[in-house]
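Notes follow the structure.
Protein chains get the first letters and strands the later ones, always in sequence-line order, with residue 1 at the start of each.
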There are 2 protein chains.
Amino acid sequence: MSTIEDVAKASGVSKGTVSSVFSKKRPISKEVSERVLAAAKELNYKPNYWARSLANKSTKILGLNIPGEQFKFSQFHLSLMNGVLGVCYRHGYRLLVNSLPPSYLSQVEHWVSDPVDGEIMLDPENEDPRIMERIHGQVPIVLVGRPSSQYESKVSYVDNDNVGMTEQITRYLLELGHRNLLFLNAPKHRTVAGDRELGFRSACREAGIPETHQQIVFKPDIYRPSNEFGYETTMKALQEMPEITAVIADTDTMALGVYKAAEHLGMTIPDQLSVYAFSDDSTYSPEFTPPLTGVRLHAEQLGREAAVILLEQLSKETKTVKRAIVPTEMVIRSSCTQRKTFMK
Amino acid sequence: MSTIEDVAKASGVSKGTVSSVFSKKRPISKEVSERVLAAAKELNYKPNYWARSLANKSTKILGLNIPGEQFKFSQFHLSLMNGVLGVCYRHGYRLLVNSLPPSYLSQVEHWVSDPVDGEIMLDPENEDPRIMERIHGQVPIVLVGRPSSQYESKVSYVDNDNVGMTEQITRYLLELGHRNLLFLNAPKHRTVAGDRELGFRSACREAGIPETHQQIVFKPDIYRPSNEFGYETTMKALQEMPEITAVIADTDTMALGVYKAAEHLGMTIPDQLSVYAFSDDSTYSPEFTPPLTGVRLHAEQLGREAAVILLEQLSKETKTVKRAIVPTEMVIRSSCTQRKTFMK
DNA sequence: AATCGAGATTAAACCGGTTTACTATTACGG
DNA sequence: CCGTAATAGTAAACCGGTTTAATCTCGATT
């Protein structure tokens, strides 16, 4: 690859002039400008991204940070990313997927600052070391999901109204006559799990459901796939407590496990078991009979808003902490129905 | 942020020594090493990514290049990306999603080399300027999909056997008794469209189907969503040629349009119209009744193989051109059936 | 004719690392 | 006790851009 030096020599001007021709940050006479561009084309020259970033102290790259080992993108993340990408696209930013193993990053020879101007961080946890690290390292961040309270006034974030949404969904099931619910929740250390628990409990309390009839099981944070967790937990719960008539699953993948459990127990959905999932789109949907009732989280919009807020923070000097709540909508399909009286 | 200079001063050694402590590329006595690391921690120092990349001439970042304006990731891309990410993860590479508008990149002030060590390029087209550019710019690439023939011996790529797969699928429909097929193909300029056309034609010819009964419509490359294209094309085709009893759709999104058209025409699937789609996973699957018959493309494996080949090319000096063909499997669900004789 | 000022260009410093060529110190074998 | 080699550290050059401060040109103003 040829360098700016080569172009400068070839067109008989200085490095600085060539730089200005490209960056357009200073006026250059048309004549010189053309001569330089011709030479550049001739030599197949393109400014070096990293040299430029080093000098500019800006990379025009946004990071997307996802926690956990062996992470896989779900449908939710996909939509979210599409939202982020759209904004990046319009503003000339590139998107870096930043999810290297903590074990890798902890080695001294891999210590390094992040190659991004700012980062969108997914799935915040209660004691999330990533947040501390970014604040400490001066990297602007926007979270998708609520941070733990100690950071709530320190970092910007976008989120659904998880408390309200779960309340609404729980009420829906209660109004259908269900009196004994099982809630398969996200891993306990994720902040979203707490919010959803809150909403669930609140709606149950409001309807006078005793605590024993509000089963919540948090997904353990080991690498067991969600559908297996859904299957095993539902099997166990329904055997121990056959009065359960409705299950709320945190994701559609979990719901798949619930469906399978119901099938193995000879129960039909929705007649003997209602199933609700926090997800409107699913990879596994071909497997769902009947179609899954869920909720639209508007992942794409979450991504868009996060990206917009982040870019805003990058452009302005004043670091206002912002928050955006994206509304949700229930999507009633056919996996939930009135509790049948003979089930009593 | 503190620099290597600060750390050097604080620990009373030279820049070069600090550099060696971090990169471990040269032995440093334990004593000095500890002193430096302590100072680094104290100052919250991390090596600057850009400066390091500049000096190393390597970024440890792989690019994922997707063509087209206003691109959105589909389920296929999601799985593919998961495959790529897994490999990146294990090798300490980050992944950059590189899909900026050509209009943006053509402006002089945005000319810049790519900030990656190598790139995985999706959806190659017949006269794909991206390929030329990367070869010219010395950026190692691996394609997902077959390049046009002039590049076939010049760049590595991974692909499904699109010809064979389409042949197999077409035969399947022909064996079900269908004699009049509609094939909604990918945009004509994509190489995959040609391959699939070839397979389709070949199977039809083999069965003695006249050309007039092998309708192929290529998706125009304007920004109309695939489902609308599927809907409108199917409506038109079925009205002009009611003898059609089976449709092959290039993607599940297109198939969604076909379903809708069938509904509007009062036709039931699969009894009056069989539908086959080149996709096993779908965002829209909740909408599919009956479940869509398709084909498993193993997108994740495609991504994995592409990443592995790319990393191999980066590590070795010898640039062997490699090719990998990932097998496909038909997934028979319930959107295709025997042609009913009364339809004759 | 002298002064001023705007515009275009350049040399050199800088961004923050890595690497090379060299020096100083210690260890060892003969 | 000396020559040689191995080890640890350093100063300076380098990676390829951007930017600052200074210089030079030329037309307009007084």
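- Using a 4.0 Å cut-off between charged nitrogen and carboxylate oxygen, A:Lys24 and B:Glu109 count as a salt-bridge pair.
- Nucleotides of DNA chain C that come within less than 4.0 Å of any heavy atom of chain A span, from the 5' end to the 3' end, C:dA8 to C:dG16.
- Within the structure, salt bridge (Lys or Arg N to Asp or Glu O under 4.0 Å) pairs that include any residue of residues 36-51 of chain B comprise A:Glu133-B:Lys46 (at least two apart or interchain).
- For DNA chain D, the neighbouring residues in residues 47-57 of chain B, judged by any heavy atom under 4.0 Å, are B:Leu54, B:Ala55, B:Lys57.
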Query raised in the report: How does each nucleotide of nucleotides 4-11 of chain D score, in 5' to 3' order, for protein heavy atoms under 4.0 Å: base (B), sugar-phosphate only (S), or none (-)?
Result: ----SSBS
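- For the helix from C:dA1-D:dT30 to C:dG30-D:dC1, the terminal axes (five pairs an end, C1' atoms, rotation from four pairs onto the next four) enclose an angle of 50°, given to 10 degrees.
- Applying the salt bridge (charged side-chain N to carboxylate O under 4.0 Å, His left out) rule to A:Lys9 yields no partners; only residues at least two apart in sequence or on another chain are considered.
- When heavy atoms are screened at a 4.0 angstrom cut-off, A:Lys30 is found touching no nucleic acid atom at all.
- In this structure, A:Phe22 reaches neither bases nor backbone, as no heavy-atom distance under 4.0 Å exists between it and the strands shown.
- By the 6.0 Å contact criterion, CE on B:Met1 is enclosed, its count of non-hydrogen atoms from other residues, nucleotides or ligands being greater than 12.
- When heavy atoms are screened at a 4.0 angstrom cut-off, B:Ser19 is found touching base atoms of the nucleic acid.
- Residues A:Tyr45 and A:Phe22 place their aromatic rings such that the two centres sit under 6.0 Å apart.
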Report task. Could you go through the side-chain hydrogen bond (donor to acceptor under 3.5 Å, both in side chains) check for B:Asp117 and B:Thr59 one step at a time? Result -> CA-CA 6 Å; B:Asp117 291 344; B:Thr59 63; 3.0 Å; yes
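- Looking at A:Ser14 and A:Thr17, their side chains do bring a donor and an acceptor atom within 3.5 Å of each other.
- Residue A:Tyr157 forms a side chain to side chain donor-acceptor pair (under 3.5 Å) with just one option from A:Lys322, A:Arg146, A:Glu152, and that option is A:Glu152.
- B:Glu31 and B:Ser29 form no side-chain donor-acceptor contact under 3.5 Å, judged by distance and modelled atom types alone.
- No donor-acceptor contact under 3.5 angstrom links the side chains of B:Asn126 and B:Arg190, judged on distance only.
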Query - Residues B:Arg323, B:Asp159; criterion salt bridge (charged side-chain N to carboxylate O under 4.0 Å, His left out); working and verdict - result: CA-CA 8 Å; B:Arg323 209 181 61 163; B:Asp159 201 2; over 6 Å; no
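- Residues A:Ile66 and A:Phe73 have side chains in contact (heavy-atom distance under 4.5 Å, counting atoms from C-beta outward).
- For the residue pair B:Ser156/B:Gln313, the side-chain donor-acceptor check at 3.5 Å is satisfied.
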